[in-house]
Amino acid sequence: MTTTALNSLSRASSAYLRSAMHQPIQWHEWGDEAFAAAQRANKPMLLDIGAVWCHWCHVMDRESYDDPEVAAIVNEHFIAMKVDRDERPDIDSRYQAAVSAVSGQGGWPLTAFLTPDGKPFYGGTYFPPTDGYGRPSFKRVLISIANAYKEKHGDVVEQAKMVESAIAQAESFAGRSGRISANIITAIEQSAFKMFDPQHGGFGQAPKFPHPSALDLLIEQYSRRADENLRNLIVTTLEHMANGGVYDQLAGGFHRYSVDERWVVPHFEKMCYDNSELLKNYVHAYQATGSEFFANVARDIIRWMDEWLSDRERGGFYASQDADISMDDDGDYFTWTLDEARAVLTEEEAQVAALHYDINEIGEMHHKPAKNVLYVRAPIEEIARRMSLSAERVESLLDSAKKKMYAARLQRPTPYIDKTVYVGWNSMCVSAYLEAAKVLGLDAARRFALRSLDRILAEAWKQSRLLHVVAYSDPQAHPREVAGLLEDYAATTLACLDAYESTADLSYFKFARVVGDAMIAKFFDAVSGGFFDAEPTADGKSLGVLSTRRKPLQDSPTPAGNPMAAIALLRLHHYTDDNSYRDKAEQTLELFAGVAEQFGIFVATYGISVLHFLYAPVQVVVIACTDSEQPESQATKLTGTTHAFTSVAAAAFAFNKSVLLLTANQAVAENLPPSLAATIPKLPQLNSDKSFAVLCSGASCQPPFTDASELRNALERSLKKAV
């Protein structure tokens, strides 16, 4: 029995790279060794960028990179590098811009051809093993590129220079600054309405992505203006998404996107960052509309994340769940034949489930037999009418059917869970959990979020710098330190501020300030304003096109680093009264103000950051004065007046609103950030035995409230005032 020799990726950390360790390609990781080898041999470089959750990455691996004939061509003519886009988004973003400039294509797998010094001159995404579908075979592409590099070397070098120039222009924004204005909000709204699908919800045609930052902005605007057109867009989109196949009807949680305009057939991978941001959407939509449906979806997202993407023992959120078990299936784990459903249900349950989820003999997938994606086709009332049953009976049958089908699904081979703990994504999940816990009263979610943040701060903050990865998925992997990027610092600063507001524990505020200050020191451009996505190397030398500085503005798909950083600075300014934070936020927003409107919904986080800048921060501070009402560890289960105040404060949704719950003992200067230390300890009501609330807007506070309804009215007025 012979064993396949392992390539150098056996020493890699990431699950995506390690999945290729058995391939006959002589892969290199990104690093000095690969570039030195290319320059010694004067060979072009083949760069593959993908992710462990990426279906087509695995298809190309199996069809091409596992093929000895392809490997022979690659090993003879190229130096091959493989990069995990989740582990190194800084590399991915630059080469995505390059390949898009060359071919008009982007996405994963990204296949790029580089000069020996890493300059891209050609590329694409997926290349098939044989000619077809308008694409040349990968073997033909490889041989053509190898010949071109040898025979038309001057043309290749010239092309590489042109592509490098295109990368430098992508998101550089030099000299295009403008005045910060609410016009960006109007532009994003107009873009959203122009792209809105009134029949199915969402933006644009197939494939459909959820655009959570845009939805959050629109929800907040509806909260302020009660515009029925906005409400229709929000409700239509969120209801269709949650009732569609893009939502996992059995386990909860959203798949990455829908391949059709109806949200029925998804790409089945599930990402923690999609679910964190959509969790906020459904919480905020509940606040804005009062629809219990949205609250239930939010709870269901948490149910899935708790079960599948959470390190329950140590804290922390895992990165993703794969779409497939192997290349021989296409979402088999998540889909059903009618016979499979009937096998685990009673006849009556099967009838209800088939009607509700549109389970037929021939489903939406291309399998044989063609399996069904579960989505809500018929509501309970319609099924009750068709089956001559009460709605309560149908609901009971459906509930038991869901539980049985989920239990049966758990017996199937489960798609891979990438247990890598990424710092930025975890911080986003922490913030989303804390938001849901505050609004929906979910203390278990709150506790897990805080434990996860504690782990991030303990393990990712080292020697005044933040790492990008806390832990890798494969226990056999060799852990490595990957430097944190702008998004890691910005998201962690925001998570620490959210944790402070959830706990009144000053250590979280102090950590927010320390991480925010490090973000400024490492990424802020003191000359032109704005933040670079990555810090320069210590020796000033960068591999490939990493020397190109980028200032990310567009959400893709996570919130962009610059507007996140601006929001973090504005919130730090609110608590510190340190004008340098607001000044840097202003410089950042001004840098993009001249061009932002042209990007529409793709700069929604920038729009949110502008709202933070234009609207005065509004803060409700609730003081629980009596022993009987003192919250135990700031738990959400409160009684009496304190509960009434916190409920009123949490009910309204606005980006510029924050809520802080203190005991009388905590309301002393040494336990408060500077801006609150100057006001809260001086309140005469602290000597009272009754709880009260203080409403502060900007630099001024109103007299304390002892009645929750009065607080509600004053809060509504304050949230409508701009600076």
Side-chain angles (χ1 to χ4, degrees), residues 219-228 230-231 283-295 298 434-443 446 501-504 574 611 615-632 634-664 666-667 675-676 679-722:
I219 294 167
E220 204 259 9
Q221 287 298 290
Y222 170 69
S223 292
R224 291 187 184 278
R225 304 195 328 249
D227 182 320
E228 284 303 310
L230 276 173
R231 181 188 175 92
V283 169
H284 294 157
Y286 167 67
Q287 290 175 283
T289 67
S291 169
E292 194 62 33
F293 175 78
F294 295 144
L434 292 176
E435 185 79 348
K438 175 181 67 180
V439 174
L440 302 177
L442 306 176
D443 201 50
R446 176 182 168 282
E501 290 168 5
S502 176
T503 63
H574 164 60
L611 285 178
Y615 283 87
V618 174
Q619 184 161 44
V620 180
V621 181
V622 179
I623 312 289
C625 282
T626 64
D627 291 338
S628 62
E629 289 187 335
Q630 283 190 8
E632 182 182 348
Q634 296 287 312
T636 55
K637 295 180 180 178
L638 305 172
T639 58
T641 309
T642 306
H643 176 70
F645 281 136
T646 55
S647 296
V648 164
F653 168 48
F655 291 127
N656 63 323
K657 184 204 72 176
S658 59
V659 182
L660 190 65
L661 172 62
L662 302 171
T663 65
Q666 290 172 313
S675 63
L676 295 181
T679 55
I680 297 300
K682 298 176 182 177
L683 294 170
Q685 285 78 5
L686 286 173
N687 299 319
S688 167
D689 60 353
K690 292 183 179 179
S691 297
F692 63 95
V694 180
L695 177 60
C696 301
S697 182
S700 62
C701 297
Q702 298 183 35
F705 293 91
T706 56
D707 180 85
S709 61
E710 292 179 0
L711 172 65
R712 178 186 294 108
N713 295 334
L715 182 57
E716 289 177 359
R717 291 192 299 270
S718 294
L719 290 176
K720 297 183 185 301
K721 292 180 181 177

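Note that the structure is a prediction, hence the values are computed from the model and not measured. Count residues from 1 along the sequence. FYI, side chains are in, hydrogens and waters are out, and symmetry mates aren't considered; it's all heavy atoms of this structure.
- Residues Ser697 and Ser718 bring no donor and acceptor atom of their side chains to less than 3.5 Å of each other.
- In plain terms, the two heavy atoms of Glu220 and Ala654 that are nearest each other are OE2-CA, 3.7 Å.
- Here Ile623 contributes atom CD1 and Thr642 contributes atom OG1; the two are 10.0 Å apart, rounded to the nearest 0.5 Å.
- At least one donor-acceptor pair under 3.5 Å links the side chain of Lys657 to the backbone N or O of Ala649.
- Side-chain atoms of Arg446 and Ser502 form a donor-acceptor pair, as typed in the model, at a separation below 3.5 Å.
- Considering CD of Gln702 and CG of Leu711, their distance stands at 9.0 Å, rounded to 0.5 Å.
- Here the shortest heavy-atom pairing between Ala650 and Val659 reads N-CG2, 4.4 Å.
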_Could you walk me through whether Leu660 and Leu676 satisfy the side chain to side chain contact (heavy atoms under 4.5 Å, CB included) test, starting with their C-alpha distance in whole Å, then the side-chain angles of each, then the deciding distance to 0.1 Å, before giving a yes or no?_
CA-CA 11 Å; Leu660 190 65; Leu676 295 181; 3.5 Å; yes
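- Side-chain N or O atoms of Ser223 include none that pairs as donor or acceptor with a backbone N or O of Ala288 at under 3.5 Å.
- Checking side-chain atoms of Gln287 against main-chain N and O of Ala652 turns up a donor-acceptor pair under 3.5 Å.
- When atom types are taken as modelled, the side chain of Thr646 and the backbone of His643 share a donor-acceptor pair closer than 3.5 angstrom.
- The shortest non-hydrogen separation linking Tyr222 to Thr289 is CE2-CG2, 4.3 Å.
- Within the 4.5 Å cutoff, the side chain of Cys701 has no heavy atoms near those of the Leu695 side chain.
- Under the 30°/60° scheme for interplanar angles, the aromatic rings of Phe655 and His284 are found to stand perpendicular.
- Here the straight-line distance linking atom OG1 of Thr503 with atom CD of Gln666 works out to 8.5 Å at 0.5 Å rounding.
- Judged by distance alone, with hydrogens and angles left aside, the side-chain atoms of Asn656 form a donor-acceptor pair with the main-chain N or O of Ala616 at under 3.5 Å.
- In this structure a side-chain-to-backbone donor-acceptor pair under 3.5 Å is missing from Glu716 to Asn713.
- Within the model, atoms CG of Asp707 and CZ of Phe692 stand 15.0 Å from one another, a figure rounded to the nearest 0.5 Å.
- The shortest heavy-atom contact between Arg712 and Val648 is NH2-CG2, 3.4 Å.
- The shortest side-chain heavy-atom distance between Val622 and Leu662 does not fall under the 4.5 Å cut-off.
- Rounding to the nearest 0.5 Å places CD of Glu435 at 7.0 Å from CZ of Phe653.
- Nearest heavy atom pair, residue Val618 against residue Leu715, reads CG1-CD1, 3.8 Å.
- In this structure, OG on Ser647 lies 12.5 Å from NZ on Lys438, to the nearest 0.5 angstrom.
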_Test side chain to side chain contact (heavy atoms under 4.5 Å, CB included) applied to Gln619 and Val694, step by step_ = CA-CA 8 Å; Gln619 184 161 44; Val694 180; over 6 Å; no
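- Considering only heavy atoms from C-beta on, Glu501 stays 4.5 Å or farther from Leu434 through its side chain.
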*Residue pair Leu440, Tyr286: steps toward the side chain to side chain contact (heavy atoms under 4.5 Å, CB included) verdict*: CA-CA 9 Å; Leu440 302 177; Tyr286 167 67; 3.7 Å; yes
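- The shortest heavy-atom contact between Phe705 and Phe645 is O-CZ, 3.3 Å.
- Using a 4.5 Å heavy-atom cutoff, the side chains of Arg225 and Leu230 are in contact.
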